[in-house]
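Before any comments, here is the structure.
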Number of protein chains: 2
Amino acid sequence: MANDAGVRRSSMREVARAAGVSVSTVANVLSRPAIVAPETRRRVEQAIRHMGYVRHGPARQLRGLPSPIVGSVILDLANPFFAELNRGIEDRLAEAGCLVLACSTDLQPAKERQVLDLLEEQAVRGVIIAPIGPDPAVLLEMSRRGTPVVLVDRPRDGLDLCAVGVDDVLGGRLAAEHLLSLGHRRIVYLGGTFETGTVIRRREGVRQAMRAAGLDPDDLLIDLRLPIHPPPLVEAAAAGVQQILAERPLPTAVLCLNDTAALGVLHGLGVAGVKVPQDISVVGYDNLAFAAGLAPALTTVNQPKYQLGRAAADLLLDEARPDHAHREIRFRPSLVIRASTAPPRRA
Amino acid sequence: MANDAGVRRSSMREVARAAGVSVSTVANVLSRPAIVAPETRRRVEQAIRHMGYVRHGPARQLRGLPSPIVGSVILDLANPFFAELNRGIEDRLAEAGCLVLACSTDLQPAKERQVLDLLEEQAVRGVIIAPIGPDPAVLLEMSRRGTPVVLVDRPRDGLDLCAVGVDDVLGGRLAAEHLLSLGHRRIVYLGGTFETGTVIRRREGVRQAMRAAGLDPDDLLIDLRLPIHPPPLVEAAAAGVQQILAERPLPTAVLCLNDTAALGVLHGLGVAGVKVPQDISVVGYDNLAFAAGLAPALTTVNQPKYQLGRAAADLLLDEARPDHAHREIRFRPSLVIRASTAPPRRA
DNA sequence: CTGAAAGCGCTAACAG
DNA sequence: CTGTTAGCGCTTTCAG
């Protein structure tokens, strides 16, 4: 049977009439039950239950109450890194009775613009965003117009916004230092054809580590770029193995932009008969759930994904307070050494 | 600097005043630009841009326009199965200019209730839900009160709602038939301490396959249950390996409730020095991105996750049409044979 | 083609 | 303690 479009939610007025009281009494029962006479309240509550009455959020919002909805605008919700981050956001917001409107931008600026517009129209409580590009103008305007914005995975850079992130330069440095200390001197950095600030900053960290070791990054580091978006990254990475193996002299280690890419590389190397870590070491990034379960277990850089999300939600909720001051929260990544890295063959 | 709570969005009235026209003209420029004189429209548009005016969604909703927001209530957004399903929902809805409010219930009925209430209060366009329990009463009421509900991963069973799902019984059967035809006669079914209908139905499919082969499920099948929720499933599964290895006679194959559990089992078996598939065969479920990349590559049952989501969104959007009739869409799972299954040692 | 006016469902004074 | 009232910002007839 068709869902009759004629069904209309009952309004307070109807409840009031049914209970023989005025609308404001119904409103009181809902918002400040204590001030209503027990008997009246009982009658009203019964009417509410009986008619299946449900408050109308948009009308309340129109009266000036804050929306319980927060937008979360990220690169791709199906990417486990963001999925976990988003769970952090969700859980923290739930504690405050709020809900998450999650949007994936797939690295497309047009999509980002579109969802931001939609979110602002919905008059959400605020937006948590991992922005695609470096230009914060739109975000600043949104914030100025009254929709608070919290940046994720992008440094605050003195902007008039809150921000939460991980020290990406440090992350890159940790990974590189590990490989350098094992003796690797020919390292592939597997990035993407379109790179976000995160990946760029990590590469900078890698180069920094090399310079600090008295080595020349331009000699050691081989930049390879995978088409990351439409095609499944695992497969792109598996295919990228050809390029790695074509380099001469053969690299002895690969730093991957994330664990998913590392998974693909591991697979591709396996198919090509290259042993990890004996022939080539592989390092991932993110420390996703499957990383420890791979064979060999993946050495990777851990990011506090869930905590990042919680922190972002914290900051966003704090924006509602009158004494709120924008600030930045920065987490530290950490290296997780497992079995996919070892000294190079003849070091 | 604190985000001044005093910032208020400008309203149509203000835009109208600035452009020297009436509110309804502004409204017309926004909703039916064609009927406004070019010169007037230009003036209004300029005022809009100039003041950074943004329509107020809740007010429009109050006037009767449909909300662009759809709720998605699922077990856990960080679970890759649901994350991908949700992307299907998101992408399909985006085509219709709609947004997804995604909520995880973590198998807790109380949470489910709570988000459903919140969603209904927000007067969302509809709700897509993978319900925890078998009792559809709340959902039916919601639907009756005017918030359309689409079921995911739960058969329609003649309910007055739309539903989309996968044939779970068939999925279980496919996995079991594969193992039986390889000669396995001692199979562990690794389920959860709290099981959703999906997992229960799959087990039924497994038993069906055994009966069809003239075998007694009670002889062949060993039921093992993992605590799935709070603890990370990978680790729970790795720990569960102890139980598997304690069975006598030793099982020759393990059917896991999903790929994540299979990952844990693979890892646990590796640590215990048990060879897969030589000593024990392992089958997953879902065919997640990492399944093909594991060593050994995981034999698993594929579910069309993304398509499920799209179909659910399709149905939900269709609810708005006056001639909508509730219906069910059922997908077929398929077996993906990879390297983690083989005949038992001495068959 | 443009403007005036009614009212969606609710909250928050305020008066009784 | 309960009722009356005035909008919140918008869409939508309906007159001009």
Side-chain angles (χ1 to χ4, degrees), chain A residues 5-45 47-48 51-68 118 120-124 145-147, chain B residues 5-45 47-48 51-68 118 120-124 145-147:
Chain A
V7 288
R8 228 192 63 265
R9 359 188 347 147
S10 39
S11 70
M12 266 192 177
R13 231 206 339 267
E14 291 161 330
V15 174
R17 201 155 35 75
V21 297
S22 73
V23 261
S24 45
T25 297
V26 178
N28 281 337
V29 169
L30 258 22
S31 302
R32 303 116 76 176
I35 77 161
V36 180
E39 165 53 14
T40 317
R41 181 171 43 181
R42 217 196 38 71
R43 250 190 10 258
V44 173
E45 278 165 348
I48 287 178
M51 314 178 55
Y53 168 76
V54 179
R55 264 147 118 165
H56 194 262
R60 307 184 73 204
Q61 235 180 295
L62 193 52
R63 283 301 315 185
L65 301 202
S67 165
L118 265 171
E120 192 173 1
E121 271 200 17
Q122 291 315 301
V124 296
R145 283 193 296 260
T147 302
Chain B
V7 288
R8 229 193 62 266
R9 3 191 341 151
S10 39
S11 71
M12 265 191 178
R13 233 210 333 273
E14 291 160 329
V15 174
R17 201 155 34 76
V21 298
S22 73
V23 259
S24 41
T25 297
V26 178
N28 281 336
V29 168
L30 258 21
S31 301
R32 304 117 75 179
I35 77 160
V36 180
E39 165 54 14
T40 316
R41 181 172 43 183
R42 215 193 40 70
R43 254 193 2 261
V44 173
E45 279 165 348
I48 289 178
M51 315 178 57
Y53 167 76
V54 179
R55 264 147 123 167
H56 194 264
R60 305 183 74 201
Q61 235 180 294
L62 193 52
R63 283 299 311 182
L65 302 202
S67 165
L118 265 171
E120 193 174 1
E121 273 201 15
Q122 290 316 301
V124 296
R145 282 193 297 260
T147 301

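Chain identifiers are assigned alphabetically (A, B, ...) following the order of the sequence lines, protein sequences preceding nucleic acid strands; residue numbering begins at 1 within each chain.
Using a 4.5 Å cut-off on side-chain heavy atoms (C-beta onward), Arg13(B) and Val26(B) make no contact.
In this structure, Thr25(B) reaches the dG3(C) phosphate: one of its side-chain N or O atoms is under 4.0 Å from OP1 or OP2. Of the side-chain N and O atoms in Arg60(B), none sit less than 4.0 angstrom from OP1 or OP2 of dC10(D). The side chain of Ser24(A) places no N or O atom within less than 4.0 Å of a non-bridging phosphate oxygen (OP1 or OP2) of dT4(D).
Residue contacts shown for Val36(B) are limited to sugar-phosphate atoms, with no base heavy atom under 4.0 Å away. Within 4.0 Å (heavy atoms only), Ser11(A) reaches sugar-phosphate atoms of the nucleic acid but no base atom.
The CG-P distance, from Asn28(B) to dC14(D), rounds to 15 Å in whole Å. Straight-line distance from the CG atom of Leu62(B) to the C1' atom of dC8(C): 4 Å, rounded to whole Å. As a whole-Å value, the separation of Ile48(A) CD1 from dG9(C) P is 16 Å. Protein atom CD of Gln61(B) is 12 Å distant from nucleotide atom P of dG9(C), rounded to whole Å. At whole-Å resolution of the value, CG in Leu65(B) and P in dG9(C) are 13 Å apart. One atom, CZ of Arg63(B), and another, P of dC10(D), lie 12 Å apart when rounded to the nearest Å.
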For a quick test of your reading: what N or O donor-acceptor pairs under 3.5 Å do the side chains of residues 55-63 of chain B make, sequence neighbours left out?
{"unit_1": "His56(B)", "atom_1": "ND1", "unit_2": "Ala59(B)", "atom_2": "N", "d": "3.3"}
{"unit_1": "Gln61(B)", "atom_1": "NE2", "unit_2": "Ala123(B)", "atom_2": "O", "d": "3.1"}

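Between Arg13(A) and Ser31(A), the residue anchored closer to the 5' end of DNA chain C is Arg13(A), taking for each the nucleotide with the nearest heavy atom.
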